[in-house]
Amino acid sequence: MSREVLGNFELMVMLAVMRLGDGAYGVPISRAIEESTSREVLMGSVYAALERLEEKGLVASEVGNPTPERGGRAKRYFRITKKGLRQVRDTQVALIKLWQGIPALQGGT
Amino acid sequence: MKISQPPILATRLLERLASGPHGDAILGDLIEQYRQGRSAAWYWRQVLLAILVGLAKDRVLGGMAILGSLLVLLMIIVSVGRHPSSLGSGLFLTDITLLGAYGAYSVWVWRQRGLKLRQALTAGAQTGIMLGVVLIASHAIEWFAPFGSSTAVQLVRGAGSTLLMLGLLGAAGSAAWQRTRSVKLAMIAGLWCGAVAVLILLSFALTLNLAFEAHAVAWLHEPLVASGMSDPGAFVVRNSLEAASEILVRVPIAAFVLSFGASLSNAWITKWPRKLAVLAAWFTPLIFVAGAASLWYADSLQRSDRPPFVMAGILAAGIALCSAHPIWSSLSRRRRELPPAT
């Protein structure tokens, strides 16, 4: 298992990127997190997390075409790398292990 | 159909102050969401917090230093506003001008994107934070120590923090040279180290003065009586302005000289064989002690009675301080490069 540890928010961003597939850029990523947490998400925090993940080689990005509804600015599309996928799986395994056998979390709503 | 325009000032702010490689994408995302029905208040909140998040994650600390310069400037203006009679010596204008220069340097640093330059500036910022902590600790000891604490303690505190400061300014230049192999970038890093440390110290010291003015008046009682000023608060402010103008000038000069010396020293020592570097590691503390002892002795004499070897003492201590980081890094690098023992 990799020694890197994903933070809570970084994991959410990675999962949102995976869920969105080819259409993963800032707006749908932040919306996906907002819908799952029911809290407003700061675009600056989303990009700060994406920048960290990109530096660690867990996500990669490429620039799309500029569009008028974005004031002539291009979208930046993100996708998960193989290393990133491995990292998410490792984190999932670790969390499931920790999750199991805690009475307070069994069968609750 | 008319397209709604987001608040232009917020857009311009983010354009100017966004850091990192995704500044343009963030702005595009915010404009897109605004046009889909988000409010102007939401847009402003997102822009301001995106700028703050950008400032916090910036490792060269350019944005933090811009805020630091503004904070120090604001505190000086508030202090002078509370005690207008502290004005009149030209110190206020000197400090404002110097802080403007620090702010301009911070803006320049903030805007740099070159890899090598950012590596050098990161070395400067890291060393600058260390130096800032040392200077804060020294100031706090001086400020909170009981009045009349022994001269020896104050001497050790003053000399210790000054020597650490000189050593760290040299270390900034040496570390930057090691990352970039450029003397010019090493000097930029040294200056940045000094600027970061000075802004940290001034933010701390001026906050103390504003928050605990009565303590500051008691602390400066003797010089206040000697000055003949009738307003103790104004004397404290004038004293702060004087100290600020000194440190705002002296630290960059020291940084310039020491980072230059240390980067040259690192470039030279890197070529030495290991045995010579080990020998230097043993001899450098002796050179430093000899230099410091001659300065200590000179300090006990009247200026006119001081012998000419005092200058040699300054030179010896300076050479030792400039060599400390290069020798240490040269030895530690070679240790890492040694083949594993069989």
Side-chain angles (χ1 to χ4, degrees), chain A residues 6-10 12-14 16-17 20 22-35 37-81, chain B residues 1-61 63-64 67 110 113 115 118-119 122:
Chain A
L6 280 179
N8 199 15
F9 191 68
E10 286 178 344
M12 282 190 206
V13 170
M14 299 262 289
V17 170
L20 291 161
D22 288 342
Y25 70 98
V27 176
I29 293 172
S30 65
R31 244 181 227 151
I33 299 171
E34 272 180 355
E35 282 166 13
T37 59
S38 307
R39 285 183 191 170
E40 185 184 329
V41 171
L42 295 175
M43 197 58 81
S45 306
V46 171
Y47 273 94
L50 285 165
E51 211 174 304
R52 282 197 301 275
L53 293 168
E54 209 170 2
E55 276 173 15
K56 291 178 193 169
L58 303 180
V59 300
S61 71
E62 57 190 56
V63 182
N65 293 322
T67 52
E69 68 269 18
R70 294 170 56 82
R73 284 162 178 93
K75 291 174 185 169
R76 185 170 276 273
Y77 289 100
F78 293 87
R79 62 176 171 76
I80 202 117
T81 60
Chain B
M1 194 178 92
K2 194 184 169 192
I3 298 174
S4 62
Q5 291 298 334
I8 187 79
L9 181 60
T11 304
R12 293 280 172 269
L13 268 179
L14 190 56
E15 273 174 351
R16 298 261 173 246
L17 298 176
S19 70
H22 303 317
D24 214 37
I26 297 179
L27 195 50
D29 286 350
L30 293 179
I31 292 171
E32 183 181 328
Q33 291 196 77
Y34 178 80
R35 288 182 176 160
Q36 287 169 356
R38 299 276 199 175
S39 65
W42 175 89
Y43 188 83
W44 264 105
R45 193 167 58 248
Q46 288 279 343
V47 163
L48 292 177
L49 290 169
I51 292 168
L52 279 180
V53 169
L55 290 178
K57 72 178 165 59
D58 184 19
R59 276 175 291 187
V60 303
L61 300 178
M64 296 302 276
L67 289 182
W110 168 252
R113 291 289 170 262
L115 181 65
R118 285 185 75 82
Q119 282 175 336
T122 303

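Letters A, B, ... mirror the listed sequences (proteins, then strands); counts begin at 1.
- In summary, B:R38 and A:E34 engage in a salt bridge, as defined by a charged side-chain N under 4.0 Å from a carboxylate O.
- In terms of heavy-atom pairs under 4.5 Å with chain A, the best-connected choice from B:D29, B:I31, B:L52, B:L49 is B:D29.
- Panel note: side chain A:T81, backbone A:L58; a donor-acceptor pair is recorded below 3.5 Å.
- Between chain B and the residues A:R70, A:R73, A:R76, the largest count of heavy-atom pairs under 4.5 Å involves A:R70.
- Both the backbone and the side chain of A:A48 come within less than 4.5 Å of a heavy atom in chain B.
- In this structure, no portion of A:T67 lies under 4.5 Å from any heavy atom of chain B.
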Exercise. Yes or no on side chain to side chain contact (heavy atoms under 4.5 Å, CB included) for A:I29 and A:V41, after CA distance, side-chain angles and deciding distance?
Worked result: CA-CA 10 Å; A:I29 293 172; A:V41 171; over 6 Å; no
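- Proximity to chain A (any heavy atom under 4.5 Å) is shown, for B:L27, by both the backbone and the side chain.
- Nearest heavy-atom pair, B:A10 versus B:V47, reported as atom, atom and distance to 0.1 Å: O-CG1, 3.4 Å.
- If you measure heavy-atom distances from A:R52 to chain B, you find no contacts under 4.5 Å at all.
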Exercise. Between B:Y43 and B:L30, is a side chain to side chain contact (heavy atoms under 4.5 Å, CB included) present by the stated rule, with each step listed?
Worked result: CA-CA 7 Å; B:Y43 188 83; B:L30 293 179; 3.8 Å; yes
